[in-house]
Structure formats: C-alpha cells, structure tokens
Peer 1: 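Structure provided below as structure tokens; questions to follow.
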Amino acid sequence: DELFKYNNKNGVPYIHSYRYSVYGGKQSGHLWWREVSIFLVDKLGFISLTNLHAVFAKQVGTKIIWVGIFVDDGECFYNDAELFAWFQKRMINRFGAKFMGRVGHYLGGEVQYDDNADITTIKLKSYMEQIATQWGFDKMKHPRIPLDEEITASQQPQNDKDKHFMKNKPYAELLGILGWFRTQVGPQYGYAFNRLASVTSNPALMHFRLLKRCLTHVYRSRNLGWTCHGIHSSHKLDIPELEHMGPEDLFILFDSNFGTQDCSYPQVSAQAYLGFACIMDVSTQIKLTATSTCEAEMVIGHLTPYHFA
C-alpha cells in the first residue's frame, strides 16, 4: 500500500491509501474474488460451484440467479425480475456496482439475443477476425484438419540460434488464444491445444508453425458458437435419445478420427452430460492403431466411461 496526502479546494487535508494488490497486481483477481465471494456466500446465501469457483448461484424455489466474476467485472443471469432486483440492490449498496444492462460483449465473446425466438447465442467471431488480421491468419492457406503432424517431447530447438529465434515468438500468447476459443465455443480443438501446450516451455519452430496453422483452421471456423434455448423456443433436439432426458440422466457423446498423415493413433473427444449440463470434456489420443473411423469410435466408446470415472 502507498499513502498520498492532498488538500481539497477548501484546504481540508485528505489521505488516500492505494492498495496495489487490488489494482494492477497479479493477485488482484484472487483478492476481488475473495471479497465478493465472502459477501455472496456468507451474506446473500449463494453457493460457489465446486469446479468453477468464480461462478455463484442462488435458488429460491423455481427462481434462480447465476453470477460470474472476472476480477472486478461480472455478469449475471436470472429467470425472475424480483430476485434480480433483490440482488442488484445489495450489490449497489455494498460495492457501488454498476449494472450496464444486457451483455453485448464479454471477454471477447459476442452475445446475440432473439427475444421472439427465445434464444441467446454466444460467438467469438469478431474476436477471431481481429486476431486473424493482426497475425495474418486470414491470408494463410486453410489446413484440412487442426493438427496434422505428431508432436513428441524429442522435438526441441536444435541449436542456440533456434532457441534465440523462438524466444521472440509469441508462442504462449497464441496458444492462449487457441485455448480461449477451445474453452468457449470449440471443444473439438481440445486435442490440438493439449498437444501444442505440452511443449510451451521449449517450443521449436515447427511447433510455432503448427500453432499458426491450427489458428488458421480456427479462423475458418469462427462462426462457431453455442446457443441457449429458452422455454418458449421452438427448437427441437435432433438427437431423439436426448429429447426425454431428465435432470438426473447421464448421456455421453463421443467422436474420433483414425489418425493423421503421420500417425495411425486415433484422436478422440468425448463429453458427458448430466441432464443438459456438460460435466466432462475429454480430448486425447489413444495409443492403439485403428484402420477405420468405425474402429476408432468403438475404442473411444469403451474407454470414455473410464475417463469419466
């Protein structure tokens, strides 16, 4: 902390104390979360999600409100105006919070509303277009798949010149962009992200090239998004098995290919849903040679329950 003393226009002395740990420090996010968490949980009766500590929920009968915190910014979703008004009043009184209306953009995401159809869609299209223009992904040739070469621990810079060259490359920054897109709207990029992340501490030039190619594939898929359908939406599920799912039903989806040009090991992805909530997302590579997509999908079908357990 640091103290600053000054006099107002009437000559009255004031002292300001600036807490660097809250404003601008690396730990500022954690300190804000702790401050807000204590208030939401202890004072307002919210609960913090076990696997998402920055997400809070409060339910009163059929009324519910969700709150997500990112440092000193946040967003909330609710299904009852009275419950929201109760929450809004207490946040303003405690923190002087400003409620800016409907979320239009949040952490790179665009939020689109269609009240007539009762649907909400989130995309990262504008974010990826901005990134592509900055790094030239919009001018690169579109790769057939996100990652078409095998990555191993033995692939390292060969000499000091290569190491020095890679030090000036924003490998971690671009990897973070890929991870953000994967987390928000593109889970199919999970395997590519995991493999490229495995060499972050000492990437070679080939890894940087593969990362840029993968982000070019992401740019071509920038229209990807997820849509939330309200109770008045006319949308019908195109998966008959999911139409009658209840809140306690478990359903597992999986997909795979049977390798790349350089490796015959299948790349697989699987998601598990409890009701309509995704509770598991796995992307990995199976150390087993498959001769067809059918064989690869049989393998992941048997192995998914073990990942889930």
Side-chain angles (χ1 to χ4, degrees), residues 19 22-23 27-127 180-181 183-185 187 224-237 242-243 245-249 271 273-279 281:
R19 299 170 60 188
V22 173
Y23 296 98
Q27 69 273 43
S28 60
H30 173 74
L31 291 176
W32 270 116
W33 169 84
R34 187 175 64 181
E35 187 83 6
V36 175
S37 176
I38 292 173
F39 180 70
L40 292 178
V41 175
D42 295 347
K43 302 297 183 181
L44 301 188
F46 279 75
I47 61 170
S48 174
L49 272 61
T50 303
N51 59 335
L52 295 171
H53 300 291
V55 178
F56 303 84
K58 180 179 177 65
Q59 185 170 6
V60 182
T62 59
K63 305 174 183 178
I64 190 169
I65 182 170
W66 296 84
V67 178
I69 302 297
F70 184 78
V71 190
D72 57 348
D73 293 323
E75 57 182 352
C76 65
F77 302 89
Y78 56 91
N79 65 354
D80 184 81
E82 291 184 0
L83 181 61
F84 170 70
W86 171 87
F87 168 74
Q88 182 182 38
K89 178 180 179 180
R90 283 152 180 79
M91 290 296 289
I92 293 175
N93 291 340
R94 175 62 180 82
F95 297 105
K98 296 180 180 180
F99 289 81
M100 312 301 292
R102 275 183 163 179
V103 177
H105 292 80
Y106 189 77
L107 300 179
E110 313 158 49
V111 186
Q112 303 169 355
Y113 304 94
D114 187 337
D115 292 333
N116 293 328
D118 197 13
I119 60 176
T120 303
T121 302
I122 294 182
K123 294 184 177 182
L124 293 179
K125 181 180 178 182
S126 298
Y127 173 73
W180 184 241
F181 190 86
T183 301
Q184 297 303 305
V185 297
L224 285 173
W226 63 265
T227 299
C228 177
H229 293 267
I231 59 175
H232 301 296
S233 171
S234 61
H235 175 74
K236 301 297 182 184
L237 291 172
L242 293 181
E243 291 183 355
M245 283 186 66
E248 298 181 356
D249 292 331
Q271 293 178 322
Y273 292 83
L274 185 61
F276 289 106
C278 182
I279 59 175
D281 184 3

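If you're wondering where the values come from, they're calculated on a predicted model, not measured in any experiment.
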Peer 1: Nearest 0.5 Å, please: how far is NZ in Lys63 from CD1 in Ile65?
Peer 2: 12.0 Å
Peer 1: How long is the straight-line distance from CZ of Arg94 back to CG of Leu40, given to the nearest 0.5 Å?
Peer 2: 10.5 Å
Peer 1: Please tell me if the side chains of Trp180 and Gln184 come closer than 4.5 Å, counting only heavy atoms from C-beta onward.
Peer 2: yes
Peer 1: Within a 6.0 Å radius of atom CH2 on Trp66, are there more than 12 heavy atoms belonging to other residues, nucleotides or ligands?
Peer 2: no
Peer 1: Would you call the rings of Phe99 and Phe87 parallel, tilted or perpendicular, where under 30° means parallel and over 60° means perpendicular?
Peer 2: perpendicular
Peer 1: If you round to the nearest 0.5 Å, how far is NZ of Lys98 from CG of Asp73?
Peer 2: 11.5 Å
Peer 1: Under the 3.5 angstrom rule, does the side chain of Asp80 hit a backbone N or O of Val60 as a donor-acceptor pair?
Peer 2: no
Peer 1: Closer than 3.5 angstrom, by distance alone: can the side chain of Lys58 be matched with the main-chain N or O of Leu44 as a donor-acceptor pair?
Peer 2: yes
Peer 1: Quick one: closest heavy-atom pair of Gly225 and Val185, and the distance?
Peer 2: CA-CG1, 3.9 Å
Peer 1: Write out all pairs satisfying side-chain hydrogen bond (donor to acceptor under 3.5 Å, both in side chains) with one or both partners inside residues 108-124, taking only residues at least two apart or from two chains.
Peer 2: Arg102-Asp115, Glu110-Ser126, Thr121-Thr227
Peer 1: Applying side-chain contact (heavy atoms from CB on, under 4.5 Å), can you list everything that pairs with Ala85, at least two apart in sequence or on another chain?
Peer 2: none
Peer 1: Applying ring-ring contact (aromatic ring centres under 6.0 Å, His included), run through Phe95 and Phe39 and close with a yes or a no.
Peer 2: CA-CA 10 Å; Phe95 297 105; Phe39 180 70; 5.4 Å; yes
Peer 1: Say you draw a straight line from OG of Ser37 to CD1 of Ile69; how long is it, rounded to the nearest 0.5 Å?
Peer 2: 9.5 Å
Peer 1: How about Ile47 and Phe56: do any of their side-chain heavy atoms sit closer than 4.5 Å?
Peer 2: no
Peer 1: Closest approach of Ala97 and Ile92, non-hydrogen atoms and distance?
Peer 2: O-CG1, 3.4 Å
Peer 1: Can you tell me how far CD of Gln59 sits from CZ of Phe46, rounded to the nearest 0.5 angstrom?
Peer 2: 11.5 Å
Peer 1: Kindly give the heavy-atom pair with the smallest separation between Phe84 and Cys76, and that separation in Å.
Peer 2: CE1-SG, 3.6 Å
Peer 1: Please name the pair of heavy atoms, one in Asn79 and one in Ile64, separated by the smallest distance, quoted to 0.1 Å.
Peer 2: OD1-N, 2.9 Å
Peer 1: Do Asn93 and Lys89 make a side-chain contact, defined as non-hydrogen atoms from C-beta onward lying under 4.5 Å apart?
Peer 2: yes
Peer 1: Which distance, rounded to the nearest 0.5 Å, do you find between the CG of Leu124 and the CZ of Phe181?
Peer 2: 6.0 Å
